[in-house]
Amino acid sequence: MLSSVRGVISHPTSRHGRGEFAAQDASSAGAEALLNETWSPDGRGSSESENDGPQLALESLTDSSDLDNANLRAQGHEAALQRSFSPLAAIGLGFSITNSWVGYLSNFGQNLIYGGPQSVVFGLLVATAVQWTVTLGLSEVASAFPSAGGQYHFTYILAPTKHKKFAAFVVGWMTLLGWWVITCSGVSLCAVSVAGMINFWHPSWEAARWQIYLIYLVTMFITASPLFLSPRSVPKITQATLFLSVSGFVLVFILLLALKQQTQPASFITESGLGTSGWSDGTAWMIGIGNALYAYGGTDGAIHIAEEIPRPGKNIPLAMNLTMCIGFLTAFPMTLALMFGMTDIDAVLNSKLASAEIFYQITGSRGIVTFMQCWVIVVYFMSLTSQWVTAGRMTWAFARDRGIPFSEFFSHVSTSRDFPVRATILSICFCCIYGLLYLASTTAFNSIVTSAVLYLSITYAVPQGIIVTRGRATSLPTRTFDLGNLGYICNVLSPLLVAVIGTFICFPPEIPVTTSNMNYTPVIVFGLFAVIMGLWWARGEKFMGPRIDWELLNLTACK
């Protein structure tokens with residue numbers, strides 16, 4: 001134990017070593033001196049018992065970053081990134097990724113097809129309960145093991161020794177593919193929204209796929225550029241995005257209430273049988289819940305900056321759960337305003353941009369619609385910077401544990417820019433190539449996006465499922481965010497909810513089923529899994545998960 005504590009404080013080179021910043025080295029030298037004062041060379045304290053020594057040594061540290069780095073070292077990794085994200089910046093990053101109210105604006109029209117306004121409103125309520133249950137349980141695990149690797153890191157630590165490498169490797173690739181593709185989805189959403197606004201003013205014009213792809217490329221490079229041009233300003237950008245989104249919600253919500261042409265009766269919102277998908281009401285309802293979950297996609301985003309925020313065991317769960325809270329408080333009122341103000345369902349469903357059409361039905365002014373929709377598009381653009389951060393950090397963390405080809409190359413952290421430049425560029429290259437799929441088939445493009453969202457949901461559930469089988473008391477160390485008995489409910493329900501909702505996500509959106517409306521998600525899910533199996537066969541033996549010092553982890557967890 002003494003060697004572990006001494007190693008954490010002094011930061012020696014290890015297989016994960018990436019070098020330290022000068023300030024951290026100086027602070028660590030002082031910490032080493034404090035440790036030497038407490039401990040004699042034979043490992044026994046000069047005035048305290050052997051068991052109290054490590055605790056006293058850690059309590060002597062006044063710099064919280066040393067304790068954070070000690071906690072990271074206890075999980076087998078070296079600190080390689082500056083802790084430049086404040087708690088508010090972490091909340092900004094988390095919420096700017098989910099951005100629930102603008103996220104739901106992009107796909108609520110599909111719920112109108114499933115079950116009308118009832119599915120849009122109440123489907124969102126159920127989706128909130130489902131996602132918050134899963135996120136709550138996951139945030140507790142993140143508090144226990146704060147690391148940029150996130151779900152695969154948790155899986156490796158928690159899984160039985162015999163299966164931990166395989167399980168963590170699969171979860172790692174599912175998380176990585178999920179974040180890459182979801183980032184592509186965000187870029188695509190920006191491109192389609194821009195084209196939709198042009199169509200709103202010029203109904204005769206319809207963007208060709210190659211035009212959408214060009215907008216896609218421009219969007220991608222503009223939104224990723226802050227990471228390379230001004231990396232130290234990224235935390236400020238995430239905070240600005242949070243305020244831009246929340247203020248935009250307030251402004252749009254007030255305009256909708258003030259300018260509404262009419263108000264639908266409550267019976268319009270609760271009326272059943274308005275769906276046109278062909279499914280029975282119950283089945284359509286379940287499929288709609290899966291669609292509404294898009295409003296809370298990527299709630300693990302803050303986890304992947306765990307090594308860049310002070311006191312991550314406290315602040316990461318805070319960011320994750322406040323993301324859910326702000327998401328619900330913005331998405332649900334907005335949804336009510338839209339459904340009570342809507343006058344023509346068919347026009348919304350047939351429009352190129354459903355949000356612009358419903359804004360127009362409520363306000364009756366194309367100028368005001370343009371103002372509101374442009375604000376929404378700017379929020380879409382601003383949010384992508386956070387997605388690039390998360391995708392790049394996840395890629396870097398997985399490369400650090402040798403989970404991807406050319407790991408040594410992609411695990412490098414730029415000393416001049418203080419972030420993993422190569423891993424981020426790899427994420428951008430993937431998005432460039434994946435975007436070409438839009439030229440060939442929008443159906444395939446969207447089906448892979450759906451599969452990626454499902455993959456991420458599975459990665460949220462896997463660590464919690466392992467905890468259920470092993471027992472919370474033996475699985476989780478001391479942690480700042482402890483759910484207590486509520487944790488059992490979250491850990492048991494999360495895998496069940498993901499399994500049920502995931503099944504309905506694979507259903508075709510309409511019946512009868514044709515080649516044009518077929519849901520290819522099940523095929524793609526298994527196809528991507530086959531790719532992951534191929535990667536495991538090719539390089540699984542090179543994958544190395546973290547080495548955990550449980551005693552030290554408990555000592556540093558709640559400091």
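This structure is a prediction, so every number in the text was calculated from the model and none was measured.
Using a 4.5 Å heavy-atom cutoff, the side chains of F122 and I289 are not in contact. Annotation: side chain of L136 is in contact with side chain of L483 (closest heavy-atom distance under 4.5 Å). A 4.5 Å side-chain heavy-atom check between I404 and F410 finds at least one atom pair inside the cut-off. Using a 4.5 Å heavy-atom cutoff, the side chains of M174 and Q151 are not in contact. Put simply, the side chain of F145 reaches to within 4.5 Å of the side chain of P477, judged on heavy atoms. Taking 4.5 Å as the limit, every side-chain heavy atom of F95 sits out of range of all side-chain heavy atoms of T241. At a threshold of 4.5 Å between non-hydrogen side-chain atoms, the residues V413 and F419 do not count as touching.
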Checklist entry - Do Q464 and V134 pass the side chain to side chain contact (heavy atoms under 4.5 Å, CB included) test, and can you show the C-alpha distance, the side-chain angles, and the key distance before you say yes or no? => result CA-CA 9 Å; Q464 298 187 63; V134 176; 4.1 Å; yes

Checklist entry - After noting the C-alpha distance and the side-chain angles of T299 and Y460, does the key distance pass the side chain to side chain contact (heavy atoms under 4.5 Å, CB included) rule? => result CA-CA 9 Å; T299 54; Y460 300 166; 3.8 Å; yes

Checklist entry - Where do I428 and F221 land on the side chain to side chain contact (heavy atoms under 4.5 Å, CB included) test, with the steps shown first? => result CA-CA 8 Å; I428 294 172; F221 290 116; 4.3 Å; yes

Item to check | Stepwise side chain to side chain contact (heavy atoms under 4.5 Å, CB included) test for T424 and T395 | outcome: CA-CA 7 Å; T424 305; T395 305; over 6 Å; no

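Ion pairing between a basic and an acidic side chain is recognised when a charged N comes within 4.0 Å of a carboxylate O; E408 and R422 show no such pairing. In summary, E308 and R393 engage in a salt bridge, as defined by a charged side-chain N under 4.0 Å from a carboxylate O. The existence of a salt bridge linking R472 and E140 is confirmed by a sub-4.0 Å separation between a basic side-chain nitrogen and an acidic carboxylate oxygen.
The aromatic rings of F332 and F328 sit parallel, their planes meeting at an angle under 30°, below the 60° perpendicular limit.
Between the CD1 atom in I505 and the OG atom in S457 there is a gap of 6.0 Å [rounded to 0.5 Å]. Note that CD1 of I501 and CG of L454 are 11.0 Å apart. Values are rounded to the nearest 0.5 Å. With rounding to the nearest 0.5 angstrom, the CG atom of L138 is 11.5 Å from the OG atom of S143. One finds the CG atom of D300 at 6.0 Å from the OG1 atom of T459 (value rounded to the nearest 0.5 Å). Interatomic distance, C325 SG to L318 CG, rounded to the nearest 0.5 Å: 10.5 Å. Distance SG/C490 to CG/N485: 11.5 Å, rounded to 0.5 Å.
Between the side chain of R417 and the main chain of R232, no donor-acceptor pair closer than 3.5 Å is present. Side-chain atoms of S230 do not come within 3.5 Å of backbone N or O of P226 as any donor-acceptor pair. T133 places a side-chain N or O within 3.5 Å of a backbone atom of A129 that can act as its donor or acceptor partner. A donor-acceptor pair under 3.5 Å links the side-chain atoms of W375 to the main chain of L244, judged by distance alone. N111 places no side-chain N or O within 3.5 Å of a backbone atom of N291 that could act as its donor or acceptor partner. Checked by atom type and distance alone, the side chain of K164 pairs as donor or acceptor with a backbone atom of A159 at under 3.5 Å. The main-chain N or O of L329 is never found under 3.5 Å from a side-chain atom of W101 such that the two would form a donor-acceptor pair. Between the side chain of T219 and the backbone N or O of C190, no donor-acceptor pair lies under 3.5 Å. Between the side chain of S494 and the backbone N or O of N491, no donor-acceptor pair lies under 3.5 Å. Listed for the D401 side chain is no donor-acceptor partner under 3.5 Å among the backbone atoms of F543.
Surrounding NZ of K314 are at most 12 heavy atoms belonging to other residues, nucleotides or ligands under 6.0 Å away.
The closest side-chain donor-acceptor pair between S427 and W388, if any, does not fall under 3.5 angstrom. For Y156 and S147, the side-chain atoms include no donor-acceptor pair closer than 3.5 Å. Neither side chain, S96 nor S383, offers a donor N or O lying under 3.5 Å from an acceptor on the other.
Checked against side chain to side chain contact (heavy atoms under 4.5 Å, CB included), P463 has the following partners two or more places apart in sequence or in another chain: F154, T155, L158. By the ring pair (Phe, Tyr, Trp, His ring centres under 6.0 Å) test, Y488 pairs with no residue at all, sequence neighbours left out. Take Y296 and apply the side-chain hydrogen bond (donor to acceptor under 3.5 Å, both in side chains) test, not counting sequence neighbours, and it matches T128.
For the side chain to side chain donor-acceptor pair (under 3.5 Å) criterion with S245, the lone passing option out of T98, N99, T330 is N99. Considering Y152, W536, F529 as possible partners of V170, the one that fulfils the side chain to side chain contact (heavy atoms under 4.5 Å, CB included) test is F529.
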